[in-house]
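We name chains A, B, ... by the order of the sequence lines, and we start the count at 1 in each one.
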There are 2 protein chains.
Amino acid sequence: MTPTPAGATPVAASRPDAPQRRSRARRGEGDRLREEILAAAERLLVETGDEAALSIRAIASAVGVTPPSIYLHFTGRTDLLFAVCERHWAQLSAAMDAAAGGVEDPVERLRRRGEAYVRFGLEHPEHYRVLMMRRPDQTPDRFTDERLASTAGLEVVAADLSAAMEAGRFPRQDPMEAAVLLWMAVHGMVSLLISKPDFPFPPPKQLFDHLYRMTLAGFGGPAS
Amino acid sequence: MTPTPAGATPVAASRPDAPQRRSRARRGEGDRLREEILAAAERLLVETGDEAALSIRAIASAVGVTPPSIYLHFTGRTDLLFAVCERHWAQLSAAMDAAAGGVEDPVERLRRRGEAYVRFGLEHPEHYRVLMMRRPDQTPDRFTDERLASTAGLEVVAADLSAAMEAGRFPRQDPMEAAVLLWMAVHGMVSLLISKPDFPFPPPKQLFDHLYRMTLAGFGGPAS
DNA sequence: TGTACATCAGTGAACGCGCGTTCACTGATGTAC
DNA sequence: TGTACATCAGTGAACGCGCGTTCACTGATGTAC
């Protein structure tokens with residue numbers, strides 16, 4: 001994911017295929033290992049699709065290093081796990097911002113953010129599971145409240161909803177609460193599709209269109 | 001949960017407080033242990049709120065029996081775990097049926113079923129997690145498709161939606177797909193409330209009312 | 001330019017833990033005679 | 001009514017596993033003199 005940091009002079013620098021030998025970092029470059037650990041953990045998460053596969057030993061062996069080395073950069077497994085999560089949060093909200101970028105119409109902005117949210121979830125199911133579906137006692141406190149709200153983009157959504165209400169495109173109501181409901185709707189869609197992949201759901205695109213009609217465009221008149 | 005089966009003559013029969021000693025079952029009553037195991041597992045699930053607490057050893061000790069005894073009635077941990085789940089499915093759909101029982105108006109029926117669904121989820125968060133949020137590879141095949149659909153009550157919801165459409169109370173659309181969307185909406189609400197209990201959500205009742213307005217009652221006109 | 005030395009990136013071996021599962025067994029219970 | 005015996009509900013001890021984490025260590029790298 002992250003490109004190899006510049007200055008990695010050694011020849012056999014961590015090839016993802018043969019993670020057997022790893023060249024020791026040079027004097028000031030101890031942090032190189034930290035990045036490699038995070039990258040390997042990320043890769044393991046994607047490949048196995050199971051957060052449980054991120055054991056200290058598995059990660060160490062994926063990097064080509066012994067387990068104790070992990071502790072040079074992380075205080076323990078939990079710390080490492082959340083360092084990985086940290087990146088996912090940024091990705092999700094960045095994906096939504098990118099999708100809405102440059103669009104003026106507030107309803108269309110909402111639609112695009114919703115689509116991006118669903119797409120992120122379906123394309124990174126295990127990331128989404130860690131972010132949004134984890135047991136709360138396995139989620140650190142700093143990943144709640146404002147952090148969570150900004151990741152889901154609640155303020156932005158509420159602002160677009162307000163604009164839509166101003167323009168008479170959406171019935172007047174508490175924009176923040178409506179934003180939460182929209183969040184719950186897309187979350188329900190993503191998490192159910194992730195957890196029950198064998199259930200004969202309609203295709204995601206069709207579902208999302210229908211959801212959009214039922215919650216946003218459908219207001220004020222029957223669906224087509 | 002289940003009452004002690006009749007004929008349990010022994011004096012110190014499994015008191016939930018002091019599960020130390022357990023009287024051996026009489027000759028034909030080997031199945032008594034099976035029930036006690038299931039009850040203990042259920043109790044552990046509720047008390048700890050963590051499915052991971054249901055280890056063979058923990059359950060055995062809760063019953064007052066040694067670990068190998070479990071294998072007299074279950075082929076392994078997985079088998080036992082899903083035997084416990086089996087009961088939750090029945091509970092969820094029974095709760096919804098009870099809530100809608102005797103109500104004629106289809107929209108009101110939908111509302112009551114939705115409320116019951118949310119209530120079940122919030123009152124039994126760990127049950128709900130096992131039922132609906134588990135990794136698919138940790139859920140047995142027999143818990144998908146028709147089973148899942150009937151637990152969520154999709155057919156009944158679709159029927160009520162059809163009736164509501166007939167009566168002009170809801171815009172015409174594919175009732176089964178709309179039922180799936182309503183399922184996703186309540187699921188999103190329940191699962192997010194469960195996974196992020198510290199997030200400053202509005203109170204569940206208010207959320208559900210708003211959700212109901214946005215999806216069902218809100219169609220055809222602005223919310224109050 | 002050469003050498004002693006501090007620093008720093010890691011290693012190797014081991015710890016204790018709880019887990020699911022197995023196997024050979026025991027001892028109370030009921031039944032056949 | 002009394003006794004040998006088959007049955008059945010469990011037990012006790014142990015297995016191998018992967019885990020997170022620790023501790024004392026090594027050996028290459030750069031720096032001071």
Side-chain angles (χ1 to χ4, degrees), chain A residues 4-5 7-14 19-38 40-41 44 48 50-84 138, chain B residues 4-5 7-14 19-38 40-41 44 48 50-84 138:
Chain A
T4 340
T9 351
V11 194
S14 72
Q20 296 292 18
R21 298 279 161 179
R22 195 192 88 103
S23 71
R24 187 207 207 94
R26 314 198 62 150
R27 199 62 169 283
E29 303 170 347
D31 283 350
R32 213 186 83 200
L33 179 55
R34 186 188 157 87
E35 286 308 311
E36 290 181 32
I37 290 170
L38 286 173
L44 266 177
T48 65
D50 190 352
E51 166 208 321
L54 297 194
S55 70
I56 293 281
R57 289 171 139 92
I59 294 169
S61 123
V63 175
V65 112
T66 60
S69 306
I70 306 286
Y71 294 88
L72 296 174
H73 296 283
F74 302 93
T75 67
R77 183 179 126 86
T78 309
D79 184 35
L80 165 54
L81 211 54
F82 293 135
V84 175
Q138 291 174 0
Chain B
T4 340
T9 354
V11 194
S14 73
Q20 297 292 18
R21 298 280 162 179
R22 194 192 88 102
S23 71
R24 185 208 209 94
R26 314 198 62 152
R27 200 60 169 284
E29 302 170 349
D31 283 350
R32 213 185 85 201
L33 179 55
R34 187 190 157 86
E35 285 308 311
E36 290 180 33
I37 290 170
L38 286 173
L44 266 177
T48 65
D50 189 353
E51 165 208 322
L54 296 194
S55 69
I56 292 281
R57 288 171 140 93
I59 294 169
S61 123
V63 175
V65 111
T66 59
S69 306
I70 306 286
Y71 292 88
L72 297 174
H73 298 282
F74 301 93
T75 67
R77 183 180 126 86
T78 311
D79 184 34
L80 165 54
L81 211 56
F82 293 135
V84 176
Q138 291 174 1

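Each of A/Pro67 and B/Thr75 has a nearest nucleotide on DNA chain C; the 5'-most of these lies closest to A/Pro67.
Among the protein residues, B/Ser55 comes within range of the sugar-phosphate backbone only, with heavy atoms under 4.0 Å from sugar or phosphate atoms but none that close to a base. Nucleic acid contact class of A/Arg57 (heavy atoms, under 4.0 Å, all strands): base.
Spacing between atom CZ of B/Arg77 and atom C1' of C/dG18 amounts to 12 Å, rounded to whole angstrom units. The distance from atom OH of A/Tyr71 to atom P of D/dA24 is 17 Å, rounded to the nearest whole Å. Atom CG of B/Leu54 and atom C1' of C/dG18 are 15 Å apart (whole Å).
Nucleotide D/dA24 is matched to C/dT11 when pairs are restricted to Watson-Crick or G-U wobble geometry with both distances under 3.5 angstrom. In this structure, D/dT31 forms a base pair with C/dA4, meeting either the Watson-Crick or the G-U wobble geometry with both donor-acceptor distances under 3.5 Å. Judged by Watson-Crick or G-U wobble contacts below 3.5 Å, the nucleotide D/dG16 has C/dC19 as its partner.
When side chains are defined from C-beta on, A/Glu36 does not count as touching A/His73, because their heavy atoms never get closer than 4.5 Å. No side-chain heavy atom of A/Val65 sits under 4.5 Å from any side-chain heavy atom of A/Ile59.
Among the nucleotides C/dG10, D/dT11, C/dT21, the one closest to the side chain of B/Ile56 is C/dT21. With D/dG10, D/dA13, D/dG20 as the candidates, the nucleotide lying closest to the side chain of B/Ala25 is D/dG10.
For A/Arg24 and D/dG27, the shortest distance from a side-chain N or O to OP1 or OP2 is not below 4.0 Å. Checking the phosphate oxygens (OP1, OP2) of D/dT11, a side-chain nitrogen or oxygen of B/Ser69 falls inside 4.0 Å.
Rounding to the nearest 0.5 angstrom, the gap separating the CD1 atom in A/Ile37 from the CD1 atom in A/Ile70 is 4.0 Å.
Contact record, B/Ala83 with B/Phe74: CB-CE2, 3.8 Å, taken as the closest heavy-atom pair.
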